[in-house]
S.K.: 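Just passing along the structure, written as structure tokens.
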Amino acid sequence: MEKEYMHIILADDDEDDRMFFTDAFDELKISTKVQTCNDGVELMNYLNKEDSILPNVLFLDLNMPMKNGIECLHEIKADRRFDDIVIAIYSTSSSEEHIEETFICGANIYIKKPSDFNELKRVLSYVVTLNWQYHTSGLNKDNFLFRM
Amino acid sequence: MRAFLKFDYNLLTKKILEDKLSDFGYKYTIQGFGEIEFHEKVPEAKLEELRYIFDEYGITIIENQKTVLVQKIKDIIHEMIYAEEVPNVKVSVYLAEKLNHSYGYLSNLFSDVTYTSIENYVILQKIEFAKQLFLNDKLSLTEIAFRLNYSSVAHLSKQFKNTTGITPSAFLRIIASRRERNL
Amino acid sequence: MIFVSALTYRHVDLLISSSKSVAHSYKVTVEIEQLYTNIKDLELERRNYLLVKNKNLIQNIADLKKEITKNIIRIEFLTKDNLKQKLLLKKLEVLVNEKFKIVDETVNHDVPLTVDDIEGNLLSGKMVMDKIKIFIRIMLANEKKLLTERTAKNSNITDTTPAIIYITLFSTIAIITMAFVKISRDLEEMRQKNEQLALNNESNHLTEQIGDFGTWYLNLETNEYTFSENEYRLLGLKPYAFEASLEGFLKYIHPDDLSYVKDIILKMITKDKVVPFTYRVIRADGSLRYLRGNGKIVANKSGEKILIGTTSDVTDEVLTNQAIEERNRELEANNKELQTFNYVASHDLQEPLRKIQTFISRLVDKDLDSLSENGKQYLLRIQDSSQRMRVLIDDLLKFSRANKTEQIFEKTDLNEVLDNSKLELAQIIEEKKAKIINDKLPNLNVIPFQVQQLFTNLISNSLKYSQENVAPIIAINISKVDASEEDSIPVNEKNKYYKIIFKDNGIGFDSEYSEKIFLLFNRLHNKDEYSGTGIGLAICKKIVENHKGFIFADGEINKGATFTIYLPQD
């Protein structure tokens, strides 16, 4: 990834998880710009702002107060402006049906939050790299489904 | 009412190039996939213009030599995988031959630039193609396994699951459900 | 009867007319003979006059002439239907007129006649007379012939008349007898029926009282209501306490149900459609009862439409049902609460646990070395425990998910399910070099994700509990069975099942534990030997039960374990 940065946003209401997330990226040697939002409302406000830089990958926690991950997912998918954003659901365990449902609703990636920091780094690194591949090799984003 | 499409990317890109270049004013020849030979030197400013026009279509004019080579590797891999008749050689051998470099060199270069190995990239492309065949051409897993040179359906399924984290059947289910819901 | 009387009438008619015609013939004969006599008398008088020339005779002659004319007229009248006689008569008339001429000549001749004249006169007179005589004779013969015919006919008819009369008489008697017999039989039948009816009525009254229901009728044409005795008793009244009417009945209905009942009754009357309906009444003594009514429209013999209805006291039934429903609601609410608790607990416990584990992992990663030896130990032990806790919570979560009430059954290809399980466990399968041999599985109506988990759990178990240094072999067989053939299935099940057997060659277990093995948290090994929480099989059992099936386990130490699953075929 040359001079380009991968722009990443995480929407999660948990302070510790946000910290883990940003720390992980700090330790990874990938050129990324990481932003966090504290809940769904903050996220949508940011995205809807005129001059906001849209993220390449959006990590979305499901359980957030006021506006949860699924609601955000629907809103984002409904807006053509956000078509290029790769959406990764980043959540604590869910049932199989629920996971499949998030894919059907338009999520590209589902990640179960790991309970090991190194594992987290590995996962995030992989997601970013994978995304990069899609981005640079003209692969079909609509078929981009990934689960960890 | 919905219509499902299948794209011939080679033809698509060629047409766009031809389209855009026809107004450009400089004589050119399209040399295979991803290479244009201009018959005269194009000034930098004009090239910028072209870059701007191409950008709209997601076409980038690569400058860096390394990047060019990597792109070539990708193109060859792409060609190999999408060919009707898959050449019966290992990827490593094929690439080394075609590009006149040792595989080790190519491999390192590729990883440096793309942060991923050639093997991984090949698998990625294969699975990507498999997805296409599965969804658009509606091939069965057996047919796809054969086409992509997997030893068995189980092998294909395993690699599919390893790469994407979901099974081919789950994949099909999800895309079908998406289409039903009009996403 | 009518035929016979018609016949008789005609016969009598015939008799009368034939008698009449015989009499007629006689009359004609008499008249003709009378004519002949008169003509002969005339001739005699003429001859007398000729001889005597007595003026007194002239009057006689004139009288006779009148008589003769009258005769002829009468005969003409009598024979007007007989052409033969008519013609003869005409000819006779001519002759008679000739005769009259001669007579008149004789009478008006004043000059005394010579003997020759007299002779000639007499002769011509005689000639005419002879001719007349012939005609008369012919006419008489004709008439006689006719008379004979008619007389014969008449006597014929007369002979058969008694027979006809007897027939008429007998048939009339027969008919009357038959009618009488029939009427008495009908009367007897009706009497019997009436007795039966009275008996039925009594029986009905009794039945109604015992069964605690009443009946009512509404004649739709006359708009008359009839209530049975017990119908009144249902309202807590004495029989016939008020005149049977809709208003009278409605008075006792609970005000809240009044419009409902009115509606239904109207529907019954106008639309012929009746469904049982339940409503409340407040009895005369103030007590509240639940009544259920039902009705049907029938037509009676006169073609009138009657609405028949029954009313039964279902108070006990309703109250019991209400109690049961209430209890059910409580149980369900309780159940839901427990399930939610389970789910939330497992789910919410995950978060803090995950964080603990993540922080520990960072510590272990970065700062392990800066800890004392003990510190390191403790930290690692903490890590182990939290991992154990994690597995437990994960399993609990899986178990509570298997419990979720809204389950959607879909037709699923079990082969695909099996493939997915193999895919999920691909790594371990490869590591252990396991072999899975299976029959072709059918399509079945199941909850896809649950059945997926079932297969995965079972295979995973077999893989986990494999014998050391022995490559695990898992055989999956399927067959169709009848519940009656299988000993393990409770006897009152009648359905057909698919029997799926998962057999492995692992370490097996003592078959005395074959039921305990499915208990929640029950383990046959301690955690140091084999990891696991003891929930896996409990989840399997739950899933199989969700599908209304059965699961059984059997094992032999160091030989292997066999899990038999029965799933209903439909």
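On a predicted model such as this, the values are computed, not experimentally measured, just so you know. Every chain is numbered from 1, with letters handed out A, B, ... down the list of sequences.
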S.K.: State plainly whether the residues A:Asp17 and C:Arg354 are in salt-bridge range, i.e. N to O under 4.0 Å.
M.R.: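 Yes, charged N to carboxylate O under 4.0 Å.
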S.K.: Just verifying a value: how many Å separate C:Lys355 NZ and A:Glu15 CD, rounded to the nearest 0.5 Å?
M.R.: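 CD of A:Glu15 is found 8.5 Å from NZ of C:Lys355.
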S.K.: Answer yes or no: are there more than 12 heavy-atom neighbours, outside A:Arg80 itself, under 6.0 Å from its atom CZ?
M.R.: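 Not more than 12 within 6.0 Å, no.
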S.K.: To the nearest 0.5 Å, tell me how far A:Asp116 CG sits from C:Gln387 CD.
M.R.: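 Rounded to the nearest 0.5 Å, the CG-CD separation comes to 9.5 Å.
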S.K.: Report the distance from atom CG of A:Asp23 to atom OG1 of C:Thr358, rounding to the nearest 0.5 Å.
M.R.: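 Going from the CG atom of A:Asp23 to the OG1 atom of C:Thr358 covers 11.5 Å.
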S.K.: Just checking C:Lys366: does its NZ atom have more than 12 heavy atoms from other residues, nucleotides or ligands closer to it than 6.0 angstrom?
M.R.: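 Yes, the 6.0 Å shell around NZ holds more than 12 heavy atoms from other groups.
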S.K.: Quick check: does any side chain N or O of C:Ser361 sit under 3.5 Å from a backbone N or O of A:Phe117, one acting as donor and the other as acceptor?
M.R.: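 Yes.
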S.K.: Measure the spacing between OG of A:Ser115 and CD1 of C:Ile356 and express it to the nearest 0.5 Å.
M.R.: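 If we round to the nearest 0.5 Å, A:Ser115:OG and C:Ile356:CD1 are 11.0 Å apart.
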S.K.: Distance only, no hydrogens: is a donor on one side chain within 3.5 Å (strictly under) of an acceptor on the other, for C:Glu351 and A:Thr92?
M.R.: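 Present: a donor and an acceptor within the cut-off.
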S.K.: So does A:Glu27 pair up with C:Arg362, basic N to acidic O under 4.0 Å?
M.R.: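 Yes, A:Glu27 and C:Arg362 are salt-bridged.
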S.K.: Between NE2 of A:His98 and CZ of C:Phe449, what distance do you get to the nearest 0.5 Å?
M.R.: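 Taking NE2 in A:His98 and CZ in C:Phe449, the distance rounds to 12.0 Å.
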S.K.: Got more than 12 heavy atoms from elsewhere within 6.0 Å of CD, C:Glu431?
M.R.: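 Yes.
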S.K.: Contact part of A:Glu100 toward chain C, heavy-atom cut-off under 4.5 Å: side chain, backbone, both or neither?
M.R.: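 For A:Glu100, the contact with chain C is made by the side chain alone.
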S.K.: One pair to check against side-chain contact (heavy atoms from CB on, under 4.5 Å): C:Asp365 and A:Asn118. What are the steps and the verdict?
M.R.: CA-CA 8 Å; C:Asp365 215 30; A:Asn118 288 329; 3.0 Å; yes
S.K.: What do you reckon, is CZ of A:Arg81 surrounded by more than 12 foreign heavy atoms closer than 6.0 Å?
M.R.: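 Yes, enclosed.
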S.K.: Assess whether atom CG of C:Leu519 is packed by more than 12 heavy atoms of other residues, nucleotides or ligands within 6.0 Å.
M.R.: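 Yes, the 6.0 Å shell around CG holds more than 12 heavy atoms from other groups.
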S.K.: For C:Tyr378, is the OH atom crowded, meaning more than 12 foreign heavy atoms sit under 6.0 Å from it?
M.R.: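 No, OH of C:Tyr378 has 12 or fewer neighbouring heavy atoms, counting only those of other groups under 6.0 Å.
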S.K.: Residues of residues 55-67 of chain A under 4.5 Å from chain C (heavy atom pairs)?
M.R.: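 Residues A:Asn63 are the ones that qualify, each having a heavy atom under 4.5 Å from chain C.
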S.K.: Pick one of side chain, backbone, both or neither for C:Leu397, based on which atoms fall under 4.5 Å of a heavy atom in chain A.
M.R.: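 Only the side chain of C:Leu397 comes within 4.5 Å of chain A.
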S.K.: Does atom NZ (C:Lys411) have a neighbourhood of more than 12 heavy atoms from anything else shown, all under 6.0 Å?
M.R.: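 Yes, because the 6.0 Å sphere around NZ of C:Lys411 holds more than 12 heavy atoms from other groups.
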S.K.: Does NZ in C:Lys541 sit with more than 12 non-hydrogen atoms of other residues, nucleotides or ligands closer than 6.0 Å?
M.R.: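 No, not enclosed.
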